[in-house]
Novice: 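One structure follows; several queries about it will come next.
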Amino acid sequence: MYLVKAPRATFTQLRSFAAVAELGGITRASEALHLTQPTISGQLRELSESLGVELLMPSGRGVALTDEGRQLQATVAAMFSEWRNFEETVADLRGLARGTLRIAGVTTTEYFLAQWLKPFAAAYPGIDIDLAIENRDAVVRRLEQDQDDVAVMMMPPSKLSLETMSVMDNPLVLIAPINHPWSLSKTVPFKTWASASLLMREQGSGTRQAALEFFEAKRVEPLIRMTLGSNEAIKHAVAAGLGLAIISRHTLAAKPEREGLCILPAAGLPIKRQWQLVWRRDRQLPRVAARFVEFMRQSSALL
Ligand code: PGA
């Protein structure tokens with residue numbers, strides 16, 4: 001199949017358009033692509049003229065896509081993904097696994113994701129890894145916008161059709177400053193610890209969502225004293241005596257005392273969750289990502 005009429009848009013123009021669309025502005029796109037702003041503006045003007053439609057409109061301090069622009073963004077994403085597959089196939093035919101693994105992990109996974117990626121990177125030296133670490137809602141948005149091939153998270157969204165593969169347990173525990181009096185008890189009853197002041201992760205965090213779901217199931221309103229934007233901030237604030245927190249066991253050192261913390265023997269905890277490796281069903285998984293999934297499947301240490 002070939003096009004009778006040669007498209008007038010070039011790959012270079014489409015690349016610039018995709019960067020502006022994804023990053024929300026010409027300045028950011030010019031920084032990411034190492035091109036000047038006039039170059040990008042010129043390419044976008046030519047693209048818009050050759051297609052005969054407006055692709056962008058001003059919005060706040062940046063630009064937003066018109067309906068036609070959104071349509072083009074989806075088309076370009078599909079074209080580039082096919083192109084990447086082609087390049088990877090050609091590299092495979094030459095016996096070299098090449099390409100980029102685009103992976104996102106929720107913030108809690110930053111404590112161990114490198115350990116998973118290390119053997120993969122060693123086995124496939126030709127594969128670059130582009131890792132994004134964000135909270136759960138931001139990772140979901142990235143998947144929606146097709147910015148990553150695979151992602152690791154605890155609570156995959158139901159609104160996206162995803163393949164999922166459990167890769168590791170993620171117990172959520174209650175932490176307190178070291179030598180907290182409750183640490184001497186055999187068990188702290190739920191009613192007792194549930195009335196303590198809690199520090200919670202920000203809106204959009206999966207850890208927060210899991211903790212709130214836990215309380216909701218028990219029909220108890222948690223006392224959220226403070227909201228903090230990262231696991232490390234939570235740990236420091238708990239160690240400083242600002243409250244208790246429910247957090248992934250994997251964010252803590254093997255010996256939490258070293259960080260000025262202890263895990264309380266709280267009745268009903270840990271909340272037993274798992275991390276899932278996920279990818280979109282409605283997209284063809286790029287070969288590099290398929291290799292990674294296979295690698296993880298065979299990696300017995302993780303299951
Ligand atoms: P998050 O991660 O709290 O950093 O969003 C939660 C998760 O493990 O899915």
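Hydrogens, waters and symmetry mates are skipped; everything else that's a heavy atom, side chains included, is used. Whatever order the structure lists ligands and atoms in, that order sets their numbers, starting from 1.
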Novice: Which one of Gln284, Arg287, Arg84 satisfies the side-chain hydrogen bond (donor to acceptor under 3.5 Å, both in side chains) criterion with Asp149?
Specialist: Arg84

Novice: Keeping to residues at least two apart or across chains, list the ring pair (Phe, Tyr, Trp, His ring centres under 6.0 Å) pairs with something in residues 6-33.
Specialist: Phe11-Phe80, Phe11-Trp83

Novice: Checking His250 now: which residues fulfil ring pair (Phe, Tyr, Trp, His ring centres under 6.0 Å) with it, not counting sequence neighbours?
Specialist: Phe112, Trp275

Novice: Knowing that exactly one of Asp130, Asp148, Asp137 qualifies, which makes a salt bridge (Lys or Arg N to Asp or Glu O under 4.0 Å) with Arg142?
Specialist: Asp148

Novice: Does a donor on one side chain sit under 3.5 Å from an acceptor on the other, for Ser16 and Gln43?
Specialist: yes

Novice: Run the side-chain hydrogen bond (donor to acceptor under 3.5 Å, both in side chains) test against Arg15 and tell me which residues pass, sequence neighbours left out.
Specialist: none

Novice: Contact residues of ligand 1 with a heavy-atom cut-off of under 4.0 Å?
Specialist: Val106, Thr107, Thr108, Asn135, Arg136, Met153, Met154, Asn170, Arg201, Ser205, Gly206, Thr207, Trp275

